[in-house]
Amino acid sequence: MKQDLYRAVYCSRISIHGPPRRIADELRTILKVSRRNNARDDLSGALLFANQCFAQALEGPRAALERCFERIQNDPRHADVTVLEFGPTATREFPKWSMAFAGDPSPEANDPLAFVVFEGAFARAREQAGSAVLGLLHGLVRREEAWALA
Amino acid sequence: MPLASPHAPPRTGETAAITRAGAQSKHKAAANHKAKRSPAPVTGGAREESALRDAIRGLEEGMVVLDPDLRLVLCNQSARRQLGWAGAPPRRGLALARLLARAGALEAAERAMIETRCRALLATAAGAPQPEKLTLGDLSLRLHRLAGFGVAIFLPTGASEGEAALRDPLTGLGNRRAFQAALTAALARPDGEVALILLDLDRFKHVNDSFGHPVGDALLRLVAERLRTSLRAADTLVRLGGDEFAILLPRADGAEALAERLVDLVSRPYLVEGHLANIGASIGIARAPMDAREAGLLLRRADLALYAAKAAGRQQFALFQPEMDARAQARQALETDLRRAVALGQFQLHYQPLVAVPAGNIIGFEALLRWQNPARGMVSPAEFIPLAEEIGLIVPIGEWVLRQACRTAASWSEAVLVAVNVSAVQFTDGARLLRAVDEALASSGLPGARLELEITESVLLRDAAETLAILHALHARGVRIAMDDFGTGYSSLSQLRSFPFDKIKIDRSFIHEVEAQTDGQAVVRAVAALGTSLGITVTVEGVETEAQAAFVAASGGHEMQGYLISRPVPADAVPALLARPHTTPKRQTTG
Ligand SMILES: Cc1cc2nc3c(=O)[nH]c(=O)nc-3n(C[C@H](O)[C@H](O)[C@H](O)COP(=O)(O)O)c2cc1C
């Protein structure tokens with residue numbers, strides 16, 4: 001079972017249009033559904049929303065992870081998905097979280113660190129971007145476990 | 001992009017069931033549901049009839065019941081599907097001829113045959129005991145004379161016929177046959193309005209080759225699922241084969257919006273069997289009745305649109321435009337002429353010198369293909385080479401070029417290089433390419449070391465191990481390898497190290513930028529420095545002015561080529577060029 005543990009890290013751009021309230025509502029729904037589904041499917045991970053972009057790390061048994069990713073791909077609430085990393089992993093980075101969340105849905109809230117990472121991620125350098133995003137998520141989750149939305 | 005999630009309303013429609021796995025049981029449920037709601041007849045006979053109807057509706061086997069006038073009593077869902085009936089179920093009382101006329105799965109002769117046989121059966125004494133068998137292509141029917149009544153037609157669904165024969169086993173979608181039936185049926189509807197969407201995956205072969213067929217198959221299933229979830233119940237989705245899908249929409253408008261969504265959706269990344277797969281989708285659309293009214297023509301036109309979408313760079317959709325027909329015809333004519341040119345030997349080689357920097361002496365000539373057609377005049381290689389590559393003619397043309405260039409070079413007074421362009425297509429059969437090189441060298445007597453092969457970056461997109469093996473085999477013959485048009489394609493500097501290049505030719509676009517901007521300068525300088533450190537000769541193409549030549553010298557380039565030195569010249573003008581004093585531009589010698 002251990003060797004079947006995989007992790008995917010990707011980022012994407014949000015395609016929900018509307019006031020911050022509307023976006024916050026959608027995010028809350030996404031999180032609620034994600035947490036329910038991921039707990040059921042033994043998946044864990046973290047989701048960041050900043051600068052109108054998502055970054056997500058998802059980890060768990062390969063088949064469940066691939067199925068979940070496929071559902072996420074079919075989701076019209078985001079676009080321009082770029083996979084930064086996908087492969088087997090020995091350990092979970094977010095064992096405690098069915099889906100940790102960090103972010104602020106208001107468009108003015110630009111996290112400068114996230115900005116730098118997203119810029120890099122959508123450009124070429126994928127190998128580095130994967131671990132950079134993962135590191136960023138990790139830091140944010142630790143820092144913000146207290147105030148995570150929803 | 002719409003916010004609502006892709007809609008997939010419950011499939012209550014009677015149409016399009018042809019293509020959908022698992023639709024059968026839902027249709028049964030729908031039929032039962034309807035039967036319950038219809039005003040219930042209470043009398044004994046009526047109740048029996050209604051129960052019988054329900055039973056027949058739910059049959060897996062197709063069944064059509066006709067009264068003694070050959071008017072329809074009942075035609076169940078399975079029969080409609082097999083006959084290629086689209087739209088609402090046929091009315092009771094519909095004449096058999098009319099029913100058959102709208103059965104898209106049948107040819108005219110087959111329709112006539114069924115009707116004739118039914119009439120013949122009616123004429124037999126009531127209660128003819130044996131069912132009559134009738135085989136039409138892969139459709140097999142049984143005709144029963146019903147005692148005291150009309151005729152029943154059964155359409156069995158066996159493993160090799162009916163249902164299974166209409167299904168693509170890999171994805172569970174309909175197959176090409178189901179598609180043809182659905183298309184014919186849709187076109188036969190009174191409005192005849194249809195949008196036909198052809199979808200081809202980009203780079204699927206690459207995924208299949210690098211991760212293996214099981215991964216490719218799993219990927220096709222995911223693609224099918226993404227497509228399926230974005231369609232409506234009345235749309236028909238089939239896999240035509242390979243990585244080709246087709247969608248029929250029962251209306252012409254809305255096709256573009258859907259195509260745009262599908263290109264986006266299918267082109268999103270996939271995680272499949274532990275691999276990350278990035279593929280794209282190209283789409284061609286043709287609409288009836290505006291683009292064509294007949295199935296074959298509609299399909300061809302959608303195909304032309306698909307071709308245009310791919311030619312425009314893939315991962316997009318294109319609507320059929322009347323010009324595409326003209327373009328296809330022009331292409332066809334060009335192909336005919338090109339084949340004739342190969343047979344008649346209408347090609348010529350011109351030679352353009354490459355000179356050393358800064359000495360200015362000619363170190364070789366690049367052989368350039370010219371096609372002089374009696375009617376077309378001089379045809380540009382940019383026009384005919386892509387076509388020749390597509391239809392495979394590039395292989396014999398390339399072999400002729402090799403032979404001719406080696407023979408000509410062997411006659412030159414100086415032992416300079418001759419450079420020949422080799423197409424990526426020629427690399428798909430490495431053994432044949434090596435044979436052609438050997439024959440060209442042997443028959444001309446030219447030493448391998450005087451032959452240089454110029455390849456483009458697209459060669460490197462192929463199987464790396466195989467390409468490397470071919471390049472090493474060429475090296476073993478003393479033949480030199482040049483990377484042509486460097487900087488225009490996908491090549492990266494790291495590839496320069498993984499492949500055994502003797503030379504890099506920097507694309508002409510960079511030197512043209514030199515005078516205007518600094519980007520070109522930086523590229524030329526960087527590549528020259530890199531080439532020098534890797535021991536690779538760096539040639540700058542397209543040098544047209546003294547200033548550009550001076551820049552090449554200043555930035556450390558080793559060779560140059562361009563109109564400043566000489567245009568490409570016919571073979572008989574080469575000796576004069578070789579005899580001419582060195583063409584070093586003035587400023588260069590001083591600098
Ligand atoms: C950025 C983003 C991240 C998401 N992450 C997850 C996730 O981790 N798990 C999940 O089940 N759904 C996730 N979703 C939601 C899925 O796209 C989809 O709506 C959901 O899985 C459907 O679940 P249901 O079939 O239970 O309704 C995400 C959606 C977005 C836009």
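Letters A, B, ... are given to chains in the order of the sequence lines, protein chains preceding strands, and every chain is numbered from 1.
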Here the gap from A/Arg67 atom CZ to B/Leu222 atom CG, rounded to the nearest 0.5 Å, amounts to 11.0 Å
Answer yes or no: are there more than 12 heavy-atom neighbours, outside B/His206 itself, under 6.0 Å from its atom NE2?
no
### Task
Please step through side chain to side chain contact (heavy atoms under 4.5 Å, CB included) for the pair B/Glu225 and A/Glu70, ending with a clear verdict.
CA-CA 10 Å; B/Glu225 202 44 46; A/Glu70 201 46 36; 5.8 Å; no
Minimal heavy-atom distance between A/Arg62 and B/Glu273, with the atoms involved, is NH1-CA, 3.0 Å
So CZ of A/Phe69 and CG of B/Leu276: to nearest 0.5 Å the spacing works out to 7.5 Å
Closest heavy-atom pair, A/Asn74 versus B/Arg226, reported as atoms and distance to 0.1 Å, is OD1-CG, 3.6 Å
Heavy atoms of other groups near A/Arg21 CZ, more than 12 under 6.0 Å
no
Smallest heavy-atom separation, A/Ala8 atom then B/Leu271 atom, equals CB-CD1, 3.7 Å
Between B/Arg268 and A/Gln73, the two heavy atoms sitting closest are NH1-O, 2.8 Å
